[in-house]
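Below is one structure, written out as structure tokens; comments come after it.
Read the numbers this way: they start at 1 and go in the same order the structure lists the ligands and their atoms. All of these numbers come straight from a predicted model, not from anything done at the bench. Residue numbers count from 1 along this sequence.
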Amino acid sequence: MTKKAGRNGSGGGVLGIDIGGSGIKGAPVDLKSGKLLSERVRIPTPVGAKPEDVAAVVAQLAAQFSAQFPDTASGPIGVTFPGIVRGGLTLSAANVDHSWIGLDADALFTRAAGRPVTLLNDADAAGVAESRYGAGAGVPGVALLLAFGTGIGSALMNGGVLVPNTELGHLELAGREVEPWASGAAKDREDLSWKAWGRRVTEYLEYLERLFSPELFIIGGGLSKKADKWMEYLTVKTPIKPAALQNEAGIVGAALTASERKS
Ligand code: BGC
């Protein structure tokens, strides 16, 4: 732990929670600096990742952090979800249980935690965080974040403003869906070298260049830590940066979005 959280909404101490396929991670975030105010707490994602079970973990993290940081006890919580989120409803479930589809997950989590919860897509949260505090800070035009992990998440940012739910990992390229072919999981499953994986990702990025003409690609997800391994193999014209906040980006972006929610 580095220091105590500040008051809610006054630039510090908003809780962010990142729901992933294998772990649910949370920490309070100092919104001035975009840094975590304490170590992340990670709880394994309940088997099957069913909504009620995941909500119980969200409630557990909320309770744990309000005991540790009383100042944050009644404030908003930002939560990421690895699928489409619109108006608090979860609308897709590529890598989690199908019972999430059409669920009012925002209301479920708000009930479970007893505090206002703001839900958004995991890659969108990372895009928001990178634009404010990280690799995309100060980019005036379009920056496209791609998060390579179990799936491929995307966040389309324009001058720091998010266009939510782009889901560009599910694009088709040469007759196949990109996600199962170029994700981090695909690299592991097929035991691809960095060079072979980099060739696939380059093909994908060239396609995205044709569609969006971005100023910058930000590569996030678990692989962002290993940029020295893959950077040389991504040979597109657009500048590429690894995500600066690495695996904290989801937590930070969720907290930031919750703190800025208007209604
Ligand atoms: C989902 C996206 C998510 C990405 C990363 C994809 O399968 O459709 O919503 O952002 O995985 O978790």
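Each of Y233, F148, W181, Y204 was checked for a ring pair (Phe, Tyr, Trp, His ring centres under 6.0 Å) with W197, and the lone residue meeting it is F148.
In this structure, I152 counts as a contact residue of ligand 1, since one of its heavy atoms falls inside 4.0 Å of the ligand. Using a 4.0 angstrom heavy-atom cutoff, A147 does not count as in contact with ligand 1.
Looking only at side-chain heavy atoms (C-beta outward), L168 and F212 come within less than 4.5 Å of each other. Inter-residue side-chain proximity for Y133 and V29 is flagged as unmet; no heavy-atom pair is nearer than 4.5 Å. Side-chain contact between L192 and R200: present, with at least one pair of heavy atoms (C-beta onward) separated by less than 4.5 Å.
Ligand-side atoms of ligand 1 in range of G83: 9 (O), range being under 4.0 angstrom from any heavy atom. Close approach of ligand 1 to G153 (heavy-atom distance below 4.0 Å) involves ligand atoms 4 (C), 5 (C), 10 (O). Ligand 1 places these atoms under 4.0 Å from at least one heavy atom of N121: 2 (C), 3 (C), 9 (O), 10 (O). Residue contact check: H170 has heavy atoms under 4.0 Å from atoms 1 (C), 6 (C), 7 (O), 8 (O) of ligand 1. Taking every heavy atom of N95 and a limit of under 4.0 angstrom, the matching atoms of ligand 1 come to 7 (O), 11 (O).
Annotation: atom 9 (O) of ligand 1 to nearest protein heavy atom, E167 OE2, 2.5 Å. In this structure, the protein non-hydrogen atom closest to atom 12 (O) of ligand 1 is D122 OD2, 2.6 Å. The single protein non-hydrogen atom nearest to atom 7 (O) of ligand 1 is E179 OE1, 2.7 Å, given as residue, atom name and distance.
Grouping the Ile, Leu, Val, Met, Phe, Trp and Tyr side chains by contacts below 4.5 angstrom, directly or via other members, places I19 with V85.
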* Step-by-step side-chain contact (heavy atoms from CB on, under 4.5 Å) determination, N121 to E167 -> CA-CA 10 Å; N121 172 264; E167 294 290 325; 3.8 Å; yes
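Residue-level proximity to ligand 1 for A94 is carried by the side chain, the only part with a heavy atom below 4.0 angstrom. Looking at D124 against ligand 1, nothing comes within 4.0 Å, counting heavy atoms.
Distance CD/Q64 to CD1/I43: 6.0 Å, rounded to 0.5 Å.
Checked by atom type, the side-chain pair T257/T118 shows no donor-acceptor distance below 3.5 Å.
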